Structures are given as C-alpha cells and as structure tokens.
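Notes to accompany the following structure.
Keep in mind the model is a prediction, meaning the values are calculated, not measured. Lettering follows sequence order; numbering is per chain, from 1.
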There are 2 protein chains.
Amino acid sequence: MKNADVHHPIFDEIADLARTLGHAHRLVLLRHIADGELAVEQLTQLSGIALANTSQHLQHLKRAGLVQTRRDGKRVLYRLADGPIENVLTALRSLANHRREQIRELINDTMSRPDRLENISREELVRRMRDDEIVLLDVRPQEEYAAGHLPGAINIPVGELEERLAELPREKVIVAYCRGVQCVLSADALAILRARGWASRRFEGGFPEWLTPSLDVDGMDYESG
Amino acid sequence: MKNADVHHPIFDEIADLARTLGHAHRLVLLRHIADGELAVEQLTQLSGIALANTSQHLQHLKRAGLVQTRRDGKRVLYRLADGPIENVLTALRSLANHRREQIRELINDTMSRPDRLENISREELVRRMRDDEIVLLDVRPQEEYAAGHLPGAINIPVGELEERLAELPREKVIVAYCRGVQCVLSADALAILRARGWASRRFEGGFPEWLTPSLDVDGMDYESG
DNA sequence: CATTCATTCAATGTATTGATTGATTGATAG
DNA sequence: CTATCAATCAATCAATACATTGAATGAATG
C-alpha cells in the first residue's frame, strides 16, 4: 500500500491558507476587518501600512477567500468572508499565548534564582547549545569578535544592543559573554535583556575560558588530539 | 492617540506560527507525529519526503515549539508538544473544507445547467475578469498565443493541459477559448477540466470575437477612439 | 577504537515573497 | 469632458524560504 492518501491536495490547500495568515500585516488587517466593513484607505490609517502595500495584502486575503469586497462609490469596502475564519484566528492566538506563558515560566525560573544561576557552566553551555535551547551572544566590539569567538555566537556590541534586540529569538535563553570575569560588558547586556523580558544568563569566563579547556573540564580534548 | 497597540509583537508571533504551518510537508509530518512518537527515518518513509529535507522541516517545527524531541539510542524521536496545537489544525482544516464546499457548489451551479451556461458572453467575461473571479485560458498553440491573445490570458495548449493542471488556481472558474466557434480545442479543454473537478466555461467566439467588438456589444469603443 | 547507522549541518542554486515606486484604472463631481 | 480621489497594477529590488547535495556529528556495535 502506497502512502498516496498522504499527498492529498487538501494539505496544500491548508498550507496555502496558513501562509496567508503568516504575515503580521495581514493579521492586523483581518482583525480590523473583523470589526466591520472598511475601505482600503481607512485600513491604511488604522494599520499604518503603506497604501499600495495594504491593497496587495488585502488582495492576497481575497484570493485566499478570507475577505470579500463590494464597491461603494469610489471606495472598495472589505468585509470578512463567511466560514469559520475567526475560529482559526482564535485557535492560533491561544496557541501563541500558550507558548508565551511557557516562555514566561522559563524566564521566571531564571530570574527567581538570580545570582546562583546567572552564570552558566561550560558543560551546561555546550549541552544546551547542542539542544538548541540557547543563543550565544558575543557583546564585545566587532573587531574582537572577528578575531575569534565561540562557535555559533552572534555578535552585537553592548552599545548597539538596545536597537538590535529584534535580532534575538524570543523563545530562547540568551547567554551573553565578553572578555572574561573582570569584564562588565556581559553584565550590562544582561541588565538590558532582562529589562526587556528575555531569559538571559552569562558565560562568565568569556572568550578566554573557552580557549583554555583544562581549567574546569575533566577529560575532553579540544586541541590536544 | 497612535495606533501603537496594533503593532503588538503578538501579531508577529502568530504570523510565525502560521507560516510554520504554511507548508504541506510540515502539515503531513505533524499529522503523523500526532499519532504518536516517531523517528526521523520512519517519518521519511511515511511521508515520502527526502531525509535531509524531513529533518529540516522537523527542526522548523521544533523551533516553532510545535514538536519536541528525545533521543532513543541512535534515533531521535519526535512527538507533539503540548498546547492547543490540534485545535489549530482542526480549525484550519475545517476552514479549508468550508472553502472546498463553496467551490463545489460553484461547480455544480455550472455543471447542472451544462449547455445554457457553458458559453460565457463577452460582457460577463469582462465583468468577472475585472472582479478577479475567473481565469482566462488560451488553449491554442504557443505561436498563435504569441501573435496575440486576450488580456490576462494564460497559455496552455490542449495537448499539455493534463500535465500542467497545477498551474491553474483551484478556486476560480476557468474560461477557455481558442480560435472561434468552429474550433474544438476549447471544448476538449472543458472536458479535461471538468473531469478534474474545475469549474469551467467557454468563450465561444475565441480570439476572433475579441478582435471584433461591434458584433454583440452596445457602446464600448475599443480601437475606434 | 574503527565501523556503521541515524540524524544533522553547511553550502548552493532557485523560487517565492514582500516593500516600494510610479503609472493606470474606475468612479464621481464640477 | 476634465479634474480628482480611491484603489489597483506593473516593475523592480531585497529578503526569505525550499530542495538538494555532500560532509560532519553522535551513539551504538563489534
């Protein structure tokens, strides 16, 4: 027996639908439209999306059968199509909230035991990097990063951190590091990150500790083999 | 008052989630995983998706928090994460079904009055093209199409129609045309399209009628202005 | 500790998607 | 008929997403 039923075109149709919902602008537009019929320009004002762009997203929604239109003089009014559209939006929203809460718990775990757990050991670092639970953040100046850094680390100097927070994934724990124990860059970074709600920790030893594996590790050979 | 609350990051998070569901492969994988823990290779066999590709999609799902993993010997087992995931899938599926039914009604409308409505008038054609309800299909050979065709028409010669059906949108009525009343190409096309479940009609006059506006039109001037 | 198996990573090419700009269409008012 | 306003189209560019390939990792087995 082949697995023919699995390639059923319904999966493509559902995927198309989901992709249509896969853009914040379209979700915003849908939400407004759900409150009642609106013209394109009203929607641009409510949403702050540029006119032509709004029009394109609206037509995407129309193609997908999620909204319908009618003309009223010069204006084109958009309304929600019938069908269980709001169910889908509600379900998505509640799933997103569920995830948010889980992340919040993670943050609280970390923050309720502030200093004991602020530092992360090398073993935990390696393990959780492998399991993709954390993101390594190198907060040293760009030149130092270029000269060498921990594998997988992304580089955002502390000075630029505030404005580049968008580059960090919301659902992971951020582990910041800098030049080592005596360096305060990563501590500053933690302050910023925690103020903005990220779960964050510190790899205290920084780049130097990474280069000297024998300090607190038992039998792993990195460069000696 | 600004519309700041509208740019709430929750919209981005929901959009990310929706995009994750926006690919047929991931939906297929999710469906299988929902039946119980499965290893990557089992999933490749059930789904027919290439190994590395399966792995990538699975990791996409994991990043999005929809599945979780554990190791069992050499294998990595994927299971559904908790949270209202199945609600979302159910809601999406029922919305997709709703749309399917609407399309089916449309088809039945067309097919139950076969000959009366098989032909589409020029006015109806123009109006429904404008409202984006139909897709114009030119089934003549590629050279004739290149020499001139109706605005917006796509060209698929009848001979290639079977294998290129995927290029046609499922949710619109297909209007086929060819060289004119005495030409049977578009009639053949209709047979193929209807057998595959498309709502389809025929612009009987074909390309020639389009070029001679005065035949059955009242006051529109096309090339006489 | 070399081999094998399951999975993941990394790199590449290609296709899609989205934002932006300026031109165009459709409907109304003067 | 022309001017004006609302909306859409068309074209372009940058960014992203996917599939595919071959290499690399991690765990078990002999």
(message) Restricting to non-hydrogen atoms, name the atom on Ile156(A) and the atom on Leu161(A) that form the minimum distance, rounded to 0.1 Å.
(response) CG2-CA, 3.8 Å
(request) Quickly work out the Arg63(A) CZ to dT16(C) C1' distance and round it to whole Å. (result) 13 Å
(request) Just do the salt bridge (Lys or Arg N to Asp or Glu O under 4.0 Å) check on Glu13(A) and Arg99(B) with the steps written out, would you? (result) CA-CA 10 Å; Glu13(A) 296 180 26; Arg99(B) 286 203 43 199; over 6 Å; no
(request) Test the Arg140(A)-Phe207(A) pair against the cation-pi criterion, namely NZ or CZ under 6.0 angstrom from the six-membered ring centroid and within 45° of the ring axis. (result) yes
(request) Would you give a per-nucleotide map of nucleotides 18-29 of chain C, 5' to 3', where B means the base has a protein non-hydrogen atom under 4.0 Å away, S means only the sugar-phosphate does, and - means neither? (result) SBBB-----SS-
(message) Could you check whether atom CZ of Arg19(A) has more than 12 heavy atoms from other residues, nucleotides or ligands sitting under 6.0 Å from it?
(response) yes
(message) Using whole Å, what does the distance between atom P of nucleotide dA19(D) and atom CG of Leu29(B) come to?
(response) 11 Å
(request) May I have the distance from Leu77(A) (atom CG) to dT8(D) (atom P), rounded to whole angstrom? (result) 11 Å
(message) I need the CD1-C1' distance between Ile49(A) and dT17(C), as an integer number of Å.
(response) 15 Å
(message) Tell me whether the side-chain N/O atoms of Tyr78(A) come closer than 4.0 Å to OP1 or OP2 in dT8(D).
(response) yes
(request) Round to a whole Å and report the spacing from CZ of Arg75(A) to P of dA6(D). (result) 9 Å
(message) At 4.0 Å (heavy atoms only), tell me whether Leu58(A) reaches a base, stays on the sugar-phosphate, or touches nothing.
(response) nothing
(message) In this structure, how many angstroms lie between the C1' atom of dC18(D) and the CG atom of Leu61(B), rounded?
(response) 14 Å
(request) Determine whether more than 12 heavy atoms belonging to other residues, nucleotides or ligands lie under 6.0 Å from atom CZ of Arg196(A). (result) no
(message) Please determine whether a side-chain nitrogen or oxygen atom of Gln59(A) lies at a distance below 4.0 Å from atom OP1 or OP2 of dC9(D).
(response) yes
(request) Go through the steps to decide whether Tyr78(B) and Leu61(B) satisfy the test side-chain contact (heavy atoms from CB on, under 4.5 Å), and finish with yes or no. (result) CA-CA 10 Å; Tyr78(B) 281 79; Leu61(B) 290 169; over 6 Å; no
(message) Within the 4.5 Å heavy-atom criterion, are Ile154(B) and Leu168(B) side-chain neighbours or not?
(response) yes
(message) Rounded to whole Å, how long is the line connecting atom CZ of Arg70(B) with atom C1' of dG26(D)?
(response) 17 Å
(request) Taking only the side-chain nitrogens and oxygens of Ser55(A), find out if one of them lies under 4.0 Å from OP1 or OP2 of dT8(D). (result) yes
